[in-house]
Amino acid sequence: MTSATRQPETPAAGIPPRLIATDLDGTLLRDDKSVSPRTVAALAAAEEAGIEVFFVTGRPARWMDVVSEHVHGHGLAICGNGAAVVDLHGGPGAHQFVKVRELARENALDAVRLLREAAPGTVYAVEQTYGFHQEPDYPKLHMEIPDNLAPAEELLAEDGPGAAEPVLKILAYHPSIDPDAFLTLSRLAIGDRANVTRSSPSALLEISGPDVSKASTLALCCAERGISHEQVVAFGDMPNDVEMLTWAGQSYAMGNAHPDVIAAASGQTVANNDDGVAVVIERMLERL
């Protein structure tokens with residue numbers, strides 16, 4: 001891990017940025033889940049300079065209240081690691097889904113089966129556009145009451161709970177395997193049936209559609225706006241950010257980032273608690 005007091009490494013100035021893509025937890029948000037006044041000011045200044053801001057997170061839409069009051073012009077967020085694009089302008093409880101990239105139930109069931117065989121003891125939860133369901137043994141990780149308790153095979157059945165809603169991702173938790181080892185194991189077991197990543201410090205995996213990631217959905221959103229990857233500046237701290245940081249023209253690992261994120265990014269900044277995103281944006285705006 002890098003020191004929280006390390007100064008940012010800034011890639012050489014190149015193509016002027018048109019879009020900032022930032023993760024939330026461990027990146028834009030401080031550990032207490034607040035957005036600092038300095039960060040709010042930096043985001044507003046970026047938009048004043050004509051740079052669009054996208055929040056890009058593993059969070060579901062219903063957990064976006066933490067940044068709803070800081071939306072300003074940047075009203076769109078990529079949620080669920082790329083599974084949904086959400087318009088935040090309606091405020092808490094009134095978010096609108098603009099784009100959904102679902103996980104086919106057949107693929108989800110295959111992933112559950114393959115991972116049960118490779119890692120016995122794995123338990124599951126299912127994220128949908130509005131619903132959240134889990135197995136009875138799935139731990140209370142999310143501070144919310146699930147809509148249904150049942151085995152994953154029942155939750156994912158074509159006639160199961162929430163059958164009318166698309167599945168955005170499934171969550172797989174193991175009580176004893178090392179988190180990085182669990183991620184490697186699951187990717188080998190599931191193969192191309194789904195995309196597997198993680199953002200939690202625990203052995204909690206997030207499983208999405210085969211081509212769904214923060215990077216692929218961000219690329220779609222940028223293409224719709226005529227923005228190239230060279231014009232994107234991205235920030236992140238965990239393995240679910242790696243593809244996005246690799247894709248973006250400029251990218252920054254936080255001072256508190258996972259080693260894989262540091263290896264993937266083109267630059268580094270200070271930790272989230274030291275306003276690492278704001279530090280880079282301020283320096284970037286000075287060069288414009």
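- With sequence neighbours left out, Glu106 forms a side chain to side chain donor-acceptor pair (under 3.5 Å) with no residue at all.
- Note that CG of Asp110 is 9.5 Å distant from CD1 of Ile190, once rounded to the nearest 0.5 Å.
- Asp274 places no side-chain N or O within 3.5 Å of a backbone atom of Gly276 that could act as its donor or acceptor partner.
- Applying the side-chain contact (heavy atoms from CB on, under 4.5 Å) rule to Arg187 yields the partners Leu183, Val196, Thr197; only residues at least two apart in sequence or on another chain are considered.
- By the 4.0 Å N-to-carboxylate-O rule, Glu206 lies close enough to Lys169 to be salt-bridged with it.
- Between Asp260 and Val242, the shortest heavy-atom distance links the atoms O-CG2, 4.0 Å.
- By the 4.0 Å N-to-carboxylate-O rule, Asp275 lies close enough to Arg30 to be salt-bridged with it.
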I would like to know whether Glu243 and Thr246 meet side-chain hydrogen bond (donor to acceptor under 3.5 Å, both in side chains); could you show each step before the answer? CA-CA 5 Å; Glu243 295 98 329; Thr246 303; over 6 Å; no
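- Looking only at atom types and distance, the side chain of Gln128 has a donor-acceptor partner in the side chain of His133 under 3.5 Å away.
- Taking the side chain to side chain donor-acceptor pair (under 3.5 Å) definition, one finds that Thr129 meets it with Glu165, sequence neighbours left out.
- Under the 6.0 Å cut-off for aromatic ring centres, Tyr130 and Phe97 qualify, their centroids lying closer than that.
- For Arg116, the side-chain contact (heavy atoms from CB on, under 4.5 Å) test picks out Val112, Tyr124, Glu135, Ala152, Glu153, with sequence neighbours left out.
- Counted by atom type alone, His258 and Asp241 present zero donor-acceptor pairs between their side chains at under 3.5 Å.
- Take Asp25 and apply the side chain to side chain donor-acceptor pair (under 3.5 Å) test, not counting sequence neighbours, and it matches Lys33, Arg59.
- Here CD1 of Ile262 is found 15.0 Å from OH of Tyr252. Values are rounded to the nearest 0.5 Å.
- In the model, Arg101 has a side-chain atom that pairs as donor or acceptor with a side-chain atom of Ser216 under 3.5 Å.
- Listed for the Ser251 side chain is a donor-acceptor partner under 3.5 Å among the backbone atoms of Ser266.
- For the residue pair Asn272 / Asp237, no side-chain donor-acceptor distance below 3.5 Å is found, with atom types taken as modelled.
- Every side-chain contact (heavy atoms from CB on, under 4.5 Å) that Ser200 has, sequence neighbours left out, goes to Ser202, Leu204.
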